[in-house]
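Note that the structure is a prediction, hence the values are computed from the model and not measured. What's counted below: heavy atoms across the whole structure, side chains too, no hydrogens, waters or symmetry copies. Within every chain, numbering begins at 1; the chains are lettered A, B, ... in the order of the sequence lines, protein sequences first and strands thereafter.
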Protein chains: 2
Amino acid sequence: MDADRLLDETAALLRARGERMTGPRRAVLLALARNPGHHAPDDVARLVADLDATVHRSSVYRCLEALRSLGVVQHVHVGHGATVYHLTDTEAVHAQCRHCGALFTLPASVLDAAGSALRDEHGFALDATHVALSGTCADCLNA
Amino acid sequence: MDADRLLDETAALLRARGERMTGPRRAVLLALARNPGHHAPDDVARLVADLDATVHRSSVYRCLEALRSLGVVQHVHVGHGATVYHLTDTEAVHAQCRHCGALFTLPASVLDAAGSALRDEHGFALDATHVALSGTCADCLNA
DNA sequence: ATCTTTGCAAACTTTTTGCACCAAT
DNA sequence: ATTGGTGCAAAAAGTTTGCAAAGAT
């Protein structure tokens, strides 16, 4: 299991900043590592509660933000105000279906052309991972 | 001023659905027509209050949703959960700077390639207007 | 020992809802 | 006269904060 490596490496990153590896942070990392996918803060809180019921919901928010600022987790804004978190992984683009809410993970290459156009024509450096594209998925199109 | 035409056409659309043109809806439309740009519901409420202080905030939410469902206004999700509204206009893509928060309106063509790739390779019909892309604007890159 | 992080409770922001009354058709 | 919409107040949902106690280094 390389969740151990994740914990070790994160601890090192934290210490390098004068911050600390704590029980709640470990629990948040483990919850995310064991449950691949995208989780709203409240979902993370539930997953964390299975590991350590004493971790408070507000600590989950603070841990997620601390780990995001460290670069170990990322959040994605999906439509309608929800924010979901996941461990930082290979750059991936997300797309959400407006109708059924399904969230798809796509290769970053789908936004390569857009990224180039934005950079060259507008001087804008696209962060393709930070918001989910919106549209209608194949299933809903055929329904 | 073609705000009058907007009101008339919207009234016709509403009646065609068995719905009604009301004072609050008129005020929301006027507020958006007179203040181009992107406004959070609370901003709209403030603008509406200048026109008619008796319009309740909850009515602003309901009017925005009614007008959105009618197609007369659109909303865009910008980073961090905020939702902003504007009158439906020519299809445009939005991009927000993560650092300064500035919101840019871009030609839809920047996402043409992405739209084709999503449709052809993933069967996903991209709605380019519904979420704002995220990244870093030219000013912040040079700062 | 020091300084960060946590648990807790409470505040806050934003949005939604039930309901009686009002108003557009 | 219908029936859809509004104002209001209250609730719901999601997130943040102040502070004293606990914990990591």
Check: With a 4.5 Å limit on heavy-atom distance, are the side chains of B:D2 and B:L6 in contact?
Finding: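 Answer no - side chains too far apart.
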
Notebook entry, point to check: Side chains of B:L51 and B:R34: closer than 4.5 Å at any heavy-atom pair?
Noted result: yes

Output the rounded distance in Å from [atom1] ([X]) to [atom2] ([N]).
X: B:H39; N: C:dT14; atom1: NE2; atom2: C1'; value: 18 Å
X: B:E65; N: C:dT15; atom1: CD; atom2: C1'; value: 12 Å
X: B:D52; N: C:dA23; atom1: CG; atom2: C1'; value: 14 Å
X: B:Y85; N: C:dT14; atom1: OH; atom2: P; value: 14 Å
X: A:L70; N: C:dT5; atom1: CG; atom2: C1'; value: 15 Å

Which residues pass the side-chain contact (heavy atoms from CB on, under 4.5 Å) test with [X], sequence neighbours left out?
X: B:A11; answer: B:R15, B:M21
X: A:D52; answer: A:T54, A:V55
X: B:T22; answer: B:R20, B:P24, B:R25
X: A:A12; answer: none

Short heteroatom pairs, N/O only, protein and nucleotides 13-17 of chain D, under 3.5 Å:
| residue | atom | partner | partner atom | Å |
| --- | --- | --- | --- | --- |
| D:dT15 | OP2 | A:Y61 | OH | 2.7 |

Next item on the list: Measure the angle between the two terminal helix axes of the helix from C:dA1-D:dT25 to C:dT25-D:dA1, five base pairs each, and quote it to 10°.
Entry: 40°

Under 3.5 Å, side-chain donor or acceptor atoms of residues 35-44 of chain B against the rest of the protein: list the pairs with distances, not counting sequence neighbours.
| residue | atom | partner | partner atom | Å |
| --- | --- | --- | --- | --- |
| B:N35 | ND2 | B:A31 | O | 2.7 |
| B:H38 | NE2 | B:H94 | NE2 | 2.9 |
| B:H39 | NE2 | B:N35 | O | 2.6 |
| B:D42 | OD1 | B:R57 | NE | 3.1 |
| B:D42 | OD2 | B:R46 | NH1 | 3.1 |
| B:D43 | OD1 | B:R46 | NH2 | 2.9 |
| B:D43 | OD2 | B:A40 | N | 3.2 |

Next item on the list: Could you pull out all residues at least two apart from B:S109 that satisfy side chain to side chain donor-acceptor pair (under 3.5 Å)?
Entry: none

Checklist line | All pairs passing salt bridge (charged side-chain N to carboxylate O under 4.0 Å, His left out) where residues 60-88 of chain A contributes a residue, at least two apart | finding: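 Counting only pairs at least two positions apart or across chains, the salt bridge (charged side-chain N to carboxylate O under 4.0 Å, His left out) contacts touching residues 60-88 of chain A are A:E65-A:R68.
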
N/O donor-acceptor pairs under 3.5 Å from side chains in residues 113-123 of chain B, not counting sequence neighbours:
| residue | atom | partner | partner atom | Å |
| --- | --- | --- | --- | --- |
| B:S116 | OG | B:D112 | O | 3.1 |

Could you list the donor-acceptor pairs under 3.5 angstrom formed by side chains in residues 98-106 of chain B, with sequence neighbours left out?
| residue | atom | partner | partner atom | Å |
| --- | --- | --- | --- | --- |
| B:R98 | NH1 | A:D127 | OD2 | 2.5 |
| B:R98 | NH2 | A:H130 | NE2 | 3.3 |
| B:H99 | NE2 | B:T136 | OG1 | 3.3 |

Note to self: Give the residues of residues 14-25 of chain A touching DNA chain D, defined as any heavy atom closer than 4.0 Å, sorted by residue number.
What the structure shows: A:R15, A:R20, A:M21

